[in-house]
Amino acid sequence: MTGFDVVVVGSVNRDYVCRVDVLPAPGETVLGGEASVGSGGKGGNQAVAASLLGARTALVARVGRDDDGRALATDLAAAWVDTTEMAATSARTGMAFVMVDAHGENSIVVAPGANLLLEAATTARAVRERLSSTGVLVVQAEIPEAAFDAAVRAAGQVGARAVVNLAPYRPVPAEVLALCDPLVVNESEASGLLGREVRGREEATRAARELSGRARSVVVTIGAAGAIVACGDQVDHVPAQVSQVVDTTGAGDAFTGALAAALSAGIGLVDAARVGVRAGSYAVARPGAQASFPRGSELGLGSLHKRG
Ligand code: RIB
């Protein structure tokens, strides 16, 4: 069962989306526009993003025994994600309520449901069974803390690289942070880690430099301005070329999944971040989360993994 290029431990949600002109203020009711349902969840999204670029990808997750869980499984299978470890539970499948405004910005509320039943021991076993030292773990923070920590430590035990997307922000033990390679955060998550506001390229560069003393490497994503990559003393800016923003939902996941796929193909961190930025830029120009992610051919890359 080993031999996956990428193993993602994370959340899966059905996304219930409504377009609005302006996101409502507290206490306000607004009439929305077009409504839709799609597959999402940061874990599912990152798995699809990696798999579409040619990485053999497995997902460790939890759903309910309901239509949403079945729809998620169907969409993941269509993207060639292995879901052997996406077990069905008695809880309801995770749901996300997404509003997207006229500028493509969103507000999301997640009802985690079955995602909260992902527990540490089975997660650690699933990671150890599926990853070898050449593989890459990807984890985000919409799952219980114990499962999150166990996944990162299990990757460390088999010598696999751990790509840790601290989204949404939560405090992490120093020894878990030290295993992140890279730690991937946006400006608001970097703010949570550093206890001060991080906004814009200059502050993100300072933040990346500072956080690289706590993790093996760090990527701070800065939206349309791309990403800052820090490893040891080296800090690089990877610019983005965003021509049109339709919907930013899942763009960070497209970035992280693509970055992981590139790393698992042996590409260096800065160039892997370039692949991630291109995947994110592609995603924001299209509606939805997983539905907006590119295949390798759509980025002019083909499959990152050359197999005989
Ligand atoms: O990152 C975007 C994702 O966040 C959505 O797909 C939603 O399900 C929430 O998990």
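Whatever order the structure lists ligands and atoms in, that order sets their numbers, starting from 1. When reading the values below, keep in mind they use all heavy atoms of this one structure, side chains included, and skip hydrogens, waters and symmetry mates.
Counted within 6.0 Å of CZ on R201, heavy atoms from surrounding residues, nucleotides or ligands total 12 or fewer; the atom is thus considered open. Other residues, nucleotides and ligands contribute only 12 or fewer heavy atoms inside 6.0 Å of the CZ atom of R199.
The pair R206-E210 does not count as a salt bridge, with every side-chain nitrogen at least 4.0 angstrom from each carboxylate oxygen. Classification of D68 and R92 as a salt-bridged pair holds, one side-chain N sitting under 4.0 Å from a carboxylate O.
Within 4.0 Å of ligand 1, contacts by protein heavy atoms are made from N13, D15, G40, G41, K42, N45, A96, V110, E142, G250, D253, A289.
A donor-acceptor pair shorter than 3.5 Å cannot be found between the side chains of S191 and R196. Donor-acceptor pairing under 3.5 Å is recorded for the side chains of N165 and Q46.
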